[in-house]
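Note that ligands are numbered from 1 as they come in the structure, with each ligand's atoms numbered from 1 the same way. What you see is a predicted model; the values in this text were computed from it and never measured. Note that these values count all heavy atoms, side chains included, but never hydrogens, waters or copies made by symmetry.
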Amino acid sequence: MLVCTGGDCKKRGAKDIRKALKDEIRSEGILSEVRVDAVDCLGLCKHGPNIIVYDGADPKGTWYTGLDEDEAREVVGQHLKQGEPVERLAAGRRARKARK
Ligand code: FES
């Protein structure tokens, strides 16, 4: 998983999102199965906080943009733990919600 911690995403709460993701990964007991890397920018700065989840089923990755902490936890529980992307949150499968 790539978590953007660049300036725009940071302004929109990337630090809290990253913490929520890591806490939930730990809570779900999948810490040894998931790699979380921070990146400086994913190129969709105005839609952050942004993450990409890579798994064996989709080598292009699933983008999640504009996540809040509850949504981040949902991505861990459903996508990482159960292997099912959260369709309603995945970018390109929903209208992007631009943030200020
Ligand atoms: S700062 Fe996060 S996508 Fe650019």
Worksheet item: After noting the C-alpha distance and the side-chain angles of Tyr64 and His79, does the key distance pass the side chain to side chain contact (heavy atoms under 4.5 Å, CB included) rule?
Response: CA-CA 11 Å; Tyr64 294 103; His79 194 156; 2.7 Å; yes
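Between Arg88 and Glu74 there is a salt bridge, with a side-chain nitrogen of the basic residue lying less than 4.0 Å from a carboxylate oxygen of the acidic one. Using a 4.0 Å cut-off between charged side-chain N and carboxylate O, Arg26 and Asp23 make a salt bridge.
Shown are the protein N/O/S atoms under 2.8 Å from atom 4 (Fe) of ligand 1, given by residue and atom: Cys41 SG, Cys45 SG.
A 6.0 Å sphere centred on CG of Asp40 holds no more than 12 heavy atoms belonging to other residues, nucleotides or ligands.
Every residue two or more places apart in sequence or in another chain that forms a salt bridge (Lys or Arg N to Asp or Glu O under 4.0 Å) with Lys11 is listed here: Asp8.
Tested against Leu21, the residues Val3, Leu80, Val36, Val34 include a single side chain to side chain contact (heavy atoms under 4.5 Å, CB included) partner, Val3.
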